[in-house]
Amino acid sequence: SRMLGLLGGGATIVLAFAVLCAAGVRRGVALGACVLLALDPTLNVSLHGGRMDTVALACVLASLLLLLRNWATEGRPPVVAGFASGVMAALAILTTPRSAYLVVVIAVLLLVRWGRARTRAHALQLIGWSLPIVAFQAMWIAYAFGGLEPFVAYYRRFAGDYVGGFLHVRTVHLPLLAALGAALGL
């Protein structure tokens with residue numbers, strides 16, 4: 001798992017750069033953001049800590065990149081791009097449930113995109129994206145917990161401390177948070 005964490009961390013940095021460029025961010029700014037990401041203490045600990053967070057994050061970024069590239073080129077049929085993106089998002093959630101917070105952000109982007117244009121293509125992409133997530137999660141819940149009720153009961157046991165409290169920021173992240181705040185201000 002340590003090798004996977006290292007590979008996932010490297011992929012996370014590369015995919016973050018690709019996502020930023022696909023979103024229209026200038027290459028120099030994207031490179032600077034990725035340098036900051038590479039220097040993040042938590043990412044560095046995750047690179048060799050044996051956890052799968054970096055792999056999950058790489059899957060989330062791959063999911064987003066697939067959508068961004070499809071939106072930019074309108075190349076593949078939207079349902080195919082949505083399905084491929086959904087598979088990556090589903091793999092992220094299966095890797096660690098913590099990545100579901102980021103997957104929800106992608107869902108919101110897809111919903112807003114569909115809500116603004118209400119086209120058949122946008123609806124198909126949203127459906128195509130959702131199907132693998134629902135299918136993979138249903139299979140996992142059935143296999144690992146035996147059903148929905150035991151799944152909910154398991155996570156309810158530690159729901160209060162699962163995400164670390166309301167807006168908890170570790171001291172080690174304050175310099176990065178300040179740099180991000182300054183970048184947003186500029």
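Position 1 is the first residue of the sequence; numbering continues from there.
Cation-pi contact between Arg116 and Trp114: absent, since separation from the ring centre below 6.0 Å together with deviation from the ring axis within 45° is not met.
With values rounded to the nearest 0.5 angstrom, Leu36 atom CG is found 11.0 Å from Ile13 atom CD1. Ile127 contributes atom CD1, which lies 13.0 Å from atom NE2 of His122 (distance to the nearest 0.5 angstrom). Rounding to the nearest 0.5 Å gives a distance of 8.0 Å between CG of Leu111 and CH2 of Trp129.
Considering every non-hydrogen atom in both Leu20 and Cys34, the closest pair reads CD1-SG, 4.5 Å. Considering all non-hydrogen atoms of both residues, Leu37 and Leu43 come closest at O-CD2, 3.2 Å. Shown here for Ala22 and Leu65, the closest heavy-atom pair between the two residues is CB-CD1, 3.9 Å. The two residues Val19 and Leu61 come nearest to each other via the heavy atoms CG2-O, 3.5 Å. The minimum heavy-atom distance between Val25 and Ala30, with the atom names listed, is CG1-N, 3.8 Å. Scanning both residues, Ile106 and Val60, for their nearest heavy atoms gives CD1-O, 3.9 Å.
Between Cys21 and Phe17, some side-chain heavy-atom pair lies under the 4.5 Å cut-off. Residues Val87 and Leu91 form a side-chain contact, since some pair of their non-hydrogen atoms from C-beta on lies under 4.5 Å apart. Under the 4.5 Å side-chain criterion, counting only non-hydrogen atoms from C-beta, Leu67 is in contact with Gln125.
Of the possible donor and acceptor atoms, none in the side chain of Asp53 sits under 3.5 Å from a partner among the backbone N and O of Thr96. A distance-only check finds no donor-acceptor pair linking the side chain of Ser63 to the backbone of Cys59 [under 3.5 Å]. Under the 3.5 Å distance criterion, the side-chain polar atoms of Thr54 are matched with a main-chain donor or acceptor of Gly5. Of the possible polar contacts, none joining the Asn70 side chain to the Leu66 backbone as a donor-acceptor pair under 3.5 Å is found. One N or O on the side chain of Ser99 and one on the backbone of Ala92 form a donor-acceptor pair closer than 3.5 Å.
Ring-plane geometry between Phe151 and Phe145 is classed as perpendicular, the angle between the planes exceeding 60 degrees on a 0 to 90 degree scale with a lower cut at 30.
In terms of hydrophobic clustering, with Ile, Leu, Val, Met, Phe, Trp and Tyr side chains grouped at heavy-atom distances under 4.5 Å, Met139 and Tyr143 are assigned to a common cluster. Both Val152 and Tyr154 are members of a single hydrophobic cluster when ILVMFWY side chains are connected at heavy-atom separations under 4.5 Å. No continuous path of hydrophobic side-chain contacts links Leu31 to Leu15 [ILVMFWY only; heavy atoms under 4.5 Å]. Met88 and Trp140 fall within the same hydrophobic cluster, where Ile, Leu, Val, Met, Phe, Trp and Tyr residues are linked whenever their side-chain heavy atoms come under 4.5 Å apart, directly or through other members.
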*Evaluation steps, side-chain contact (heavy atoms from CB on, under 4.5 Å), between Phe136 and Leu94*: CA-CA 8 Å; Phe136 282 34; Leu94 290 176; 3.7 Å; yes
